[in-house]
Amino acid sequence: IFQALTPLIAAARERGASLPVVTLAVGPEGGFEPTELDAFMAAGFIAVTLGRNILRFETAAHSGLAAVRAMLELVTDPDAIRVDLDGTDQ
């Protein structure tokens, strides 16, 4: 997802926007048909995956949105996401 969002963020900044417009397409549990994938690619979609596990539609949609949001926050403001593993960061 990071690799897919990086050029979108750069293009958005060139247009004067702080964040890109992201459209998330979530397929059925059996996956998209090849003709559907071809149509998405022709429309400018970038294929990404959430991993090898097959998720239910509802779970995949929430997971995809959370992943995109986290990546956008990380890329646009790295200091906004802090990991406090030892409890010393306030």
Side-chain angles (χ1 to χ4, degrees):
I1 293 176
F2 179 82
Q3 291 175 337
L5 288 176
T6 302
L8 296 177
I9 292 169
R13 288 183 176 155
E14 287 177 10
R15 293 189 315 271
S18 59
L19 294 174
V21 174
V22 176
T23 302
L24 184 65
V26 179
E29 293 171 30
F32 288 111
E33 295 294 326
T35 55
E36 293 172 317
L37 291 173
D38 291 342
F40 282 126
M41 296 302 124
F45 276 72
I46 301 169
V48 297
T49 180
L50 295 175
R52 289 183 266 171
N53 295 327
I54 296 174
L55 303 175
R56 291 180 56 97
F57 170 80
E58 299 85 357
T59 306
H62 289 201
S63 299
L65 289 172
V68 168
R69 181 175 179 188
M71 287 295 111
L72 287 175
E73 288 179 10
L74 180 64
V75 172
T76 57
D77 186 7
D79 292 330
I81 299 176
R82 300 186 75 162
V83 177
D84 184 11
L85 297 177
D86 61 3
T88 59
D89 231 356
Q90 298 295 328

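Here the structure is a predicted model, which is why all the values come from computation and not from measurement. Residues take their numbers from the sequence shown, with the count starting at 1.
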* Please answer: with hydrophobic residues joined when any side-chain heavy atoms are less than 4.5 Å apart, are Phe57 and Leu65 in the same cluster? => yes

* Please report the closest heavy-atom contact between Ala67 and Leu50, naming both atoms and the distance. => CB-CD2, 4.3 Å

* Return the minimal non-hydrogen interatomic distance between Glu29 and Leu55, and the atom names on each side. => CG-O, 3.6 Å

* Asked: If every non-hydrogen atom of Val26 is compared with every non-hydrogen atom of Ala61, which pair is closest and at what distance?
  -> CG2-CA, 3.8 Å

* Please name the pair of heavy atoms, one in Ile46 and one in Met41, separated by the smallest distance, quoted to 0.1 Å. => C-CE, 4.4 Å

* Same apolar cluster (I L V M F W Y, side chains within < 4.5 Å links), Leu37/Phe45 -> yes

* **Same cluster (ILVMFWY, side-chain, under 4.5 Å), Val22 and Met71** => yes

